[in-house]
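The next block holds one structure in the form of structure tokens; read it before the comments.
Proteins get letters first, then strands, A, B, ... in listed order; numbering begins at 1 in each.
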Amino acid sequence: MNVTVNGEKRSLDAGATVASLLAELDLKPEATVVQRNDDVLERTRYGEVELRDGDVLELVRFVGGG
Amino acid sequence: MNVTVNGEKRSLDAGATVASLLAELDLKPEATVVQRNDDVLERTRYGEVELRDGDVLELVRFVGGG
Amino acid sequence: MNVTVNGEKRSLDAGATVASLLAELDLKPEATVVQRNDDVLERTRYGEVELRDGDVLELVRFVGGG
Amino acid sequence: MNVTVNGEKRSLDAGATVASLLAELDLKPEATVVQRNDDVLERTRYGEVELRDGDVLELVRFVGGG
Amino acid sequence: MTSDPLVIAGRSFSSRLMIGTGKFPSSQSLRDAVEASGSEIITVALRRVDLSKGETDDIMSALDPKRHLILPNTSGARTADEAVRLAKLARAAGLEPWVKLELTPEPRYLLPDGLETLRAAEILVKEGFVVLPYIQADPILAKRLEEVGTATVMPLGAPIGSNRGVRTRDLIRIIIEQSNIPVVVDAGLGAPSHAAEAMEMGADAVLVNTALADAADHGAMAKAFAMATEAGRIAFRAGMGPERDAAEASSPLTGFLFDSK
Amino acid sequence: MTSDPLVIAGRSFSSRLMIGTGKFPSSQSLRDAVEASGSEIITVALRRVDLSKGETDDIMSALDPKRHLILPNTSGARTADEAVRLAKLARAAGLEPWVKLELTPEPRYLLPDGLETLRAAEILVKEGFVVLPYIQADPILAKRLEEVGTATVMPLGAPIGSNRGVRTRDLIRIIIEQSNIPVVVDAGLGAPSHAAEAMEMGADAVLVNTALADAADHGAMAKAFAMATEAGRIAFRAGMGPERDAAEASSPLTGFLFDSK
Amino acid sequence: MTSDPLVIAGRSFSSRLMIGTGKFPSSQSLRDAVEASGSEIITVALRRVDLSKGETDDIMSALDPKRHLILPNTSGARTADEAVRLAKLARAAGLEPWVKLELTPEPRYLLPDGLETLRAAEILVKEGFVVLPYIQADPILAKRLEEVGTATVMPLGAPIGSNRGVRTRDLIRIIIEQSNIPVVVDAGLGAPSHAAEAMEMGADAVLVNTALADAADHGAMAKAFAMATEAGRIAFRAGMGPERDAAEASSPLTGFLFDSK
Amino acid sequence: MTSDPLVIAGRSFSSRLMIGTGKFPSSQSLRDAVEASGSEIITVALRRVDLSKGETDDIMSALDPKRHLILPNTSGARTADEAVRLAKLARAAGLEPWVKLELTPEPRYLLPDGLETLRAAEILVKEGFVVLPYIQADPILAKRLEEVGTATVMPLGAPIGSNRGVRTRDLIRIIIEQSNIPVVVDAGLGAPSHAAEAMEMGADAVLVNTALADAADHGAMAKAFAMATEAGRIAFRAGMGPERDAAEASSPLTGFLFDSK
């Protein structure tokens with residue numbers, strides 16, 4: 001299936017979850033905020049949430065800022 | 001008849017014109033801008049324009065300003 | 001005998017000492033520096049030092065300063 | 001004969017004058033101030049003044065300054 | 001300086017000093033200042049006649065519409081709507097459709113309200129006015145006003161009448177750097193050196209009033225501001241040298257006497 | 001301003017701008033600056049002829065002794081003795097017995113040495129010179145120099161050639177307040193606004209060099225300084241208003257429209 | 001200073017120094033600064049993960065939610081709408097509903113857009129956020145923000161990262177005089193003396209970032225700012241003396257020796 | 001800061017804030033200031049006893065010779081000779097042979113006389129005194145004093161008691177750059193931010209008196225100056241960032257949300 005991650009198209013295997021996507025991208029779940037189609041997901045549910053074709057994901061984190 | 005001049009109630013004789021009002025107030029027509037019920041009057045017509053009961057007049061002039 | 005104290009003439013009884021002068025002036029010896037004819041006297045000797053006619057004394061102290 | 005000009009030793013033919021020296025150095029007399037052994041020479045006399053062995057000369061001019 | 005005219009809304013002016021007409025002790029002192037300033041753009045305000053006073057001096061008698069662009073301000077307005085009404089009244093009274101847009105809700109410092117000013121500017125530009133807005137030294141607001149079509153921006157150097165000079169210089173500098181319309185430094189200029197500084201920074205013009213009215217000799221002070229404004233402009237165009245941390249000798253550092261080789 | 005001459009050592013000058021002649025890229029650019037400045041007091045330096053170069057431009061050709069008081073400086077001198085010798089040499093070379101006394105032992109900031117300057121001043125005054133000493137903005141030293149008979153004091157605004165302006169304003173103000181001889185602000189004036197500020201403070205004159213030589217258009221910059229210097233003087237005499245913390249309205253705060261009673 | 005807490009939106013803080021976390025060369029240097037500053041309010045930004053980079057340092061590991069109020073800013077937003085979305089995202093990510101509202105459309109000077117900031121502030125306040133808006137030193141805008149319910153105003157001293165100090169002091173002074181909510185001077189403070197000056201003027205707090213990141217020793221600089229901020233606050237409360245034109249002797253002017261009567 | 005002692009004449013001090021004892025309303029307020037300042041070098045003056053008054057407070061009771069170096073000044077002296085006599089009198093009275101050399105002939109601005117100060121310094125150094133001369137911000141004089149062997153130079157920031165801050169900063173900077181002995185900024189420091197600024201510039205210490213005596217809470221103000229002085233020193237050593245003309249973002253300028261690729 002195809003999803004958009006941070007503005008980039010990306011194809012994932014069926015059954016992919018947020019957790020598996022983060023693992024694939026080598027990102028720590030606890031440091032990453034995930035917005036899916038305008039909803040921000042709770043960190044605890046990253047394992048359950050299955051991605052769907054056409055999902056638009058924003059993977060965001062806090063960085064240094066003034 | 002009663003008119004409002006610069007926020008003050010004032011009673012005038014019937015037939016009073018803008019010109020007669022300015023004269024009564026000792027004001028130079030050429031230095032005074034007259035707004036009557038939201039219309040600004042042409043200076044040349046001060047003599048003709050008869051005032052009506054309930055008219056609201058603003059007598060205005062240019063002063064020093066920065 | 002006559003002495004000059006801080007620019008003022010003053011007459012003292014014969015036998016007056018620095019200590020007796022300070023007492024007469026109601027001044028604490030430990031807070032007062034005494035210069036006599038250009039010599040600064042040691043505080044311990046105020047009791048012994050007898051004043052002589054014509055002595056010029058400067059009674060000085062430390063005060064607040066920047 | 002030998003003279004010192006602006007701190008440099010220099011040998012001149014006998015009979016050399018200030019004027020001939022300036023000419024040799026390609027300097028305008030009217031723009032050059034000549035000090036010889038602490039005396040400043042009058043411009044009008046540059047032609048007459050013969051230099052002597054051991055003379056110390058300062059050739060000076062006005063330049064731009066603030 | 002006719003070779004270097006100030007152009008506002010397609011109209012050329014040879015003087016870069018605008019003056020205000022407030023607070024002069026007499027018509028004569030105002031006439032002296034107007035004359036000596038050589039100004040071509042002169043501001044006036046609109047006020048109700050004081051009926052209790054009757055006839056008083058007519059400010060307009062000191063001005064000559066042939067030589068002076070009489071620029072009405074909207075002082076007294078606290079909202080965009082009031083400012084628009086004042087502008088229209090001035091135009092209806094026979095002045096050209098130019099207006100110094102001035103919206104100062106707070107009386108202690110008389111600082112302009114950027115939001116209401118922008119709102120009024122949009123309306124007045126649509127109504128065909130040439131709009132010269134008085135603003136704080138806010139480069140973002142200046143850009144917004146340029147976008148809605150004002151003819152200039154008039155950022156303040158310091159509060160009106162404070163004579164404090166170009167205290168906002170860091171921001172004025174940015175406004176000048178970014179602006180495509182003339183920048184007129186208005187308010188707070190209390191000395192000719194302040195006007196010169198603004199012009200040296202690249203401002204297109206300055207507006208002065210209080211400093212002239214404050215003077216003991218109004219005509220002389222107006223002349224002084226005119227000269228300093230022109231001097232600052234000439235210097236800006238002549239290319240100024242950089243500020244240096246150390247000294248740079250003005251006399252040669254070689255050829256000293258008394259050195260022997 | 002002929003009604004307000006600058007008087008130094010009993011001699012009157014109509015211009016209050018003195019200029020230096022150093023660092024101009026060409027004789028022509030210097031001529032342009034001299035002409036446009038309208039200056040009547042113009043400084044030059046004395047240097048050894050560079051024998052390796054032969055004939056070069058003659059600075060004096062740009063000056064006219066009838067219109068200009070040519071004021072030699074003692075730049076290059078590191079001691080009172082050297083300064084005195086330079087002054088005498090200049091006089092012997094045909095200049096009038098006027099000298100800008102300049103004693104700057106240290107090359108990085110070229111700040112004047114007050115002690116040597118005072119020592120040289122005493123000697124030169126005795127020798128009949130009209131002495132204009134370049135000094136740091138030291139009010140005590142300024143008084144000492146006045147006491148030994150110098151014709152002026154010339155405190156610096158900032159280091160020579162730094163273009164930093166009147167950084168010493170707090171002390172210049174005191175010197176002006178206490179001085180009975182003309183105060184000429186010299187060095188560091190990099191913009192016409194700096195010259196105007198010095199004059200507004202009550203200085204009697206200013207001296208400028210680097211700012212003119214730095215300019216792209218030397219004549220224009222000289223004209224700008226001349227105008228600003230005069231503007232500052234006129235303003236000083238016209239009586240300037242006070243600096244205020246709050247605003248002071250330039251338009252009336254009464255008679256607003258839209259108020260009903 | 002626990003007897004003099006900073007209170008924002010009903011919450012008390014003992015430190016009046018807020019710090020930003022940008023531009024530190026390493027997590028350790030940031031940790032050092034956070035520790036030494038004693039700050040209780042620390043700003044962070046929200047950014048997309050760079051997918052090409054994979055895992056990187058986690059800024060949050062340097063912060064302790066128990067001791068620090070982590071204040072997300074809306075940097076990157078160019079419109080009110082974007083700012084609102086960023087604020088909500090930060091809250092959804094688990095931070096408290098506090099936000100430093102920062103709307104800087106122009107990249108060269110990063111000056112905040114007052115109109116969009118006001119618009120965003122109204123929305124965020126309605127949504128229940130504690131809003132700390134970054135603004136230019138505009139007293140009129142500051143009042144408007146107070147009226148719509150922001151918790152503070154954060155006027156800039158100079159452009160972000162410029163280290164220029166409180167260049168807007170004339171206007172900051174007015175904002176402090178007129179404000180009923182805490183005034184936090186933000187941006188441009190490059191030295192501890194700048195922070196102290198802001199506090200002496202009566203500011204309630206300061207925010208610093210670049211000056212800490214610029215330092216060679218980040219921890220030491222953070223400590224210096226903490227001390228200077230507190231020093232400025234103490235001085236403000238202790239009642240400072242007036243600036244004087246003349247001297248006022250600190251030693252007695254009487255009782256001199258060597259005087260004879 | 002014990003790792004960074006101030007060393008004068010071979011003696012180490014951990015505090016870089018020196019205080020004066022003049023003009024305090026009471027012994028208690030002075031004691032509070034001395035205590036809170038943590039100062040180790042404290043100045044006093046010498047005056048004739050007022051015979052008409054009899055016994056008064058003894059300033060020395062507020063000081064502890066074990067913890068404080070009591071530094072007598074020569075205030076009141078108008079000549080080198082008087083200053084030397086005062087220094088000797090203080091030493092004879094039991095103080096250590098240290099002296100703050102202060103020669104101010106003129107009462108309105110109390111500016112020091114450089115010539116007399118240099119003359120007195122030469123004598124006192126020969127007599128074995130540790131000499132700390134109060135001077136105007138004259139880099140040439142500072143060098144002369146260093147050459148004759150003074151232990152420090154103490155240039156003024158502004159006239160005594162004026163609270164105007166480091167107005168002489170351009171020249172103080174040069175003195176610091178060129179000096180091989182400690183530079184103590186003395187006089188005119190009216191706020192902790194002024195002390196911090198002087199230390200950030202690289203001054204070795206500051207001396208404050210009037211600002212403490214002026215305060216409503218003397219102890220608090222002394223503490224504030226102590227903190228600010230140390231903060232400025234720490235910042236100087238921590239390496240400060242440069243002043244920038246434009247902004248430098250403290251939050252990343254990449255990774256913005258809402259951008260699609």
Side-chain angles (χ1 to χ4, degrees), chain E residues 20 22-23 45-48 50 73 75-76 82 86 107-110 159-164 190-193 196-197 200 209-211 214-217 220-221 223-225 227-228 230-232 234-235 237-253 255-258, chain F residues 20 22-23 45-48 50 73 75-76 82 86 107-110 159-164 190-193 196-197 200 209-211 214-217 220-221 223-225 227-228 230-232 234-235 237-253 255-258:
Chain E
K23 297 188 289 188
L46 257 183
R47 291 292 182 272
R48 265 179 176 167
D50 180 345
N73 68 33
S75 59
E82 290 180 356
L86 279 166
R108 177 159 166 71
Y109 296 101
L110 293 168
I160 293 172
S162 66
N163 290 335
R164 294 172 77 79
S193 57
E197 180 189 359
E200 288 158 3
N209 183 340
T210 298
D214 274 341
D217 181 338
M221 189 60 79
K223 182 186 176 194
F225 268 91
M227 294 173 76
E230 188 175 346
I234 295 173
R237 300 182 77 211
M240 292 174 34
E243 198 172 290
R244 301 181 176 96
D245 288 339
E248 186 182 271
S250 50
S251 302
L253 292 176
F256 293 139
L257 279 69
F258 323 123
Chain F
K23 296 187 292 186
L46 255 184
R47 290 291 182 275
R48 265 180 177 168
D50 180 346
N73 68 33
S75 60
E82 289 180 358
L86 279 166
R108 177 161 167 70
Y109 296 101
L110 293 170
I160 292 172
S162 66
N163 289 335
R164 296 171 76 80
S193 57
E197 181 189 358
E200 288 158 3
N209 183 341
T210 298
D214 273 343
D217 180 338
M221 189 60 78
K223 182 185 175 194
F225 268 91
M227 294 172 76
E230 188 175 346
I234 295 173
R237 299 182 77 210
M240 293 173 36
E243 199 172 289
R244 301 182 177 95
D245 287 339
E248 185 181 271
S250 51
S251 301
L253 291 175
F256 294 139
L257 281 69
F258 324 123

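Interface summary for chain E: among Gly241(F), Pro252(F), Ala216(F), the most heavy-atom pairs under 4.5 angstrom belong to Pro252(F). Between chain F and the options Pro192(E), Ala220(E), Pro159(E), heavy-atom pairs under 4.5 Å are most frequent for Pro192(E). The choice from Gly22(E), Gly232(E), Ala196(E), Ala231(E) that makes the most heavy-atom pairs within less than 4.5 Å of chain F is Ala231(E). With chain F as the partner, the residue from Ala235(E), Ser75(E), Gly20(E) showing the most heavy-atom pairs under 4.5 Å is Ala235(E). For the set Met227(F), Glu243(F), Arg108(F), the count of heavy-atom pairs under 4.5 angstrom toward chain E peaks at Glu243(F). Chain E forms the most heavy-atom pairs under 4.5 Å with one residue out of Ala228(F), Gly190(F), Ala215(F), and that residue is Ala215(F). Counting heavy-atom pairs closer than 4.5 Å to chain F, the top-ranked of the candidates Ala238(E), Pro107(E), Ala191(E), Ala249(E) is Ala238(E). For the set Leu46(E), Leu110(E), Asp217(E), Ile160(E), the count of heavy-atom pairs under 4.5 angstrom toward chain F peaks at Ile160(E).
Remark: Asp214(E) engages Asn163(E), Thr210(E), Pro242(F), Arg244(F), Glu248(F) in a side chain to side chain contact (heavy atoms under 4.5 Å, CB included) (not counting sequence neighbours). When the salt bridge (Lys or Arg N to Asp or Glu O under 4.0 Å) test is applied to Glu200(E), no partner is found at least two apart in sequence or on another chain.
Heavy atoms of Ala247(F) lying under 4.5 Å from chain E belong to its backbone as well as its side chain. Only the side chain of Ala45(E) comes within contact range of chain F, judged by heavy atoms closer than 4.5 Å. Proximity to chain E is absent for every atom of Ala211(F), based on heavy atoms less than 4.5 angstrom apart.
Under the 4.5 Å side-chain criterion, counting only non-hydrogen atoms from C-beta, Asn73(F) is in contact with Ser251(E).
Asp245(F) CG to Tyr109(E) OH: the interatomic distance, rounded to the nearest 0.5 Å, is 7.0 Å.
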